[in-house]
**Student:** 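Attaching a single structure in structure tokens format; questions to follow.
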Amino acid sequence: MDCRNSHLSPIGIFDSGYGGLTVLKEVIKLLPEYDYVYLGDNARNPYGTRSFDVVYDYTREAVRRLIEMGCELVILACNTASAKALRSIQQNDLPRWGGNRRVLGVIRPSVESIADISVNKHVGILGTRGTVISESYLMEAEKLYGNEHLHISQLACPMLVPLVESNELTGEGTEYFVKKYIEQLFEKDGEIDTIVLACTHYPLLKDVILKYTPIGVKVVEQGQIVAESLKDYLKRHPEMDRKLSKGSSVSYYTTEKAELFDGMAGVFMGSGVEAKEIKI
Ligand code: DGL
């Protein structure tokens, strides 16, 4: 969808690749009336292993592209982009670009939500190296609650994105890495009662993750959290809601070949997807 000639705007959902579809799916479920434009930067992913500057540059270019396509509100569904680029885009770029556009990420709503979900406030974060090194979850928790309230232990799981991207959602190899990562997380803090799947890809491994997670420990996906948080945001910001188009459409764009995107996107969405290739 290209809304440049319309007064109303679709909601832009950005991810480094396919993973943000796990977020889009839940957002559409909760807020089906809006129009969505999904952009996956498949040609340049993964972001999780890249430096701050590179993730910032790539994310800024992608957000700029979504704005050119008419999006007044953009959600960074990608944890790595939220961790490494969101604040700079909000503080440096949006004011420079003018208008009243907004860019929101996944980390703040996740931290707010786990503070409610965890009973003993011992939380484990599984994410990419980039997300973990940024310490964004720790910083957000400290900003919201001070440094005593939440005990957060983080673990980078670099093998999980490649496994999902290769559609290795079950099997011996996948189980080996999931088991190893869960054990390593609990070595950091044996009292963890809540684990956050802080990477767009990990919900696809949830069954295997649950298999190796101690009984009673909650495993939290972000899609629903982000969807609830967006709903709440739009209620609190009627001036933004009024700018959004409501035609229940979804358009998919990728920086890679559309055929490649369509095949893998079906695994994430559980149904057929037809993307268009664009340059950013
Ligand atoms: N979308 C990324 C995230 O949620 C994972 C894939 C990547 O590394 O690009 O952190």
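Nothing here was measured: the structure is a model prediction, and the numbers come from that model. Order of listing sets the numbers, starting from 1, for every ligand and every atom in it. One-based numbering along the sequence shown.
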**Student:** Ring of Y58, cation from R60 - is the NZ or CZ under 6.0 Å from the centre and inside 45° of the axis?
**Tutor:**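 The answer is no; the distance or angle limit is not met.
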**Student:** So is C199 in contact with ligand 1, going by heavy-atom distances below 4.0 Å?
**Tutor:** yes
**Student:** Can you pull out the closest protein heavy atom to atom 8 (O) of ligand 1? Residue, atom name and distance to 0.1 Å, please.
**Tutor:** G48 N, 2.8 Å
**Student:** Could you verify whether a donor N or O on one side chain and an acceptor N or O on the other, from Y212 and E175, lie under 3.5 Å apart?
**Tutor:**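 Checked: Y212/E175 side chains pair up, N/O donor to acceptor below 3.5 Å.
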**Student:** Can you pull out the closest protein heavy atom to atom 10 (O) of ligand 1? Residue, atom name and distance to 0.1 Å, please.
**Tutor:**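 Protein heavy atom with the smallest distance to atom 10 (O) of ligand 1: T80 OG1, 2.6 Å.
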**Student:** Short list, please: which atoms of ligand 1 are under 4.0 Å from a heavy atom of S16?
**Tutor:**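 Numbered from 1, ligand 1 contributes 1 (N), 2 (C), 6 (C), 7 (C), 9 (O).
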**Student:** Which label fits Y252 and Y38: parallel for a plane angle under 30°, tilted from 30 to 60°, or perpendicular past 60°?
**Tutor:**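 Judged by the thresholds at 30° and 60°, the geometry between Y252 and Y38 is tilted.
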**Student:** Output yes when the distance from some N or O of ligand 1 to some N or O of D15 is under 3.5 Å, and no in every other case.
**Tutor:**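 Yes - when backbone and side-chain N and O of D15 are compared with those of ligand 1, one distance drops under 3.5 Å.
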**Student:** Does the N or O separation between A198 and ligand 1 drop below 3.5 Å for any pair?
**Tutor:** no
**Student:** Could you check whether K84 makes a cation-pi contact with Y56, meaning its NZ or CZ is under 6.0 Å from the centre of the six-membered ring and within 45° of the ring axis?
**Tutor:**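 No, a cation-pi geometry is absent between K84 and Y56.
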**Student:** Checking contacts here: is it the side chain or the backbone of T49 that comes within 4.0 Å of ligand 1, counting heavy atoms only? Could be both or neither.
**Tutor:** neither
**Student:** Could you check whether Y18 and H201 have their ring centres less than 6.0 Å apart?
**Tutor:** no
**Student:** Can a donor-acceptor pair be found between the side chains of S118 and D193 at a distance below 3.5 Å?
**Tutor:** yes
**Student:** What are the atoms of ligand 1, with element, lying closer than 4.0 Å to any heavy atom of Y47?
**Tutor:** 7 (C), 8 (O), 9 (O)
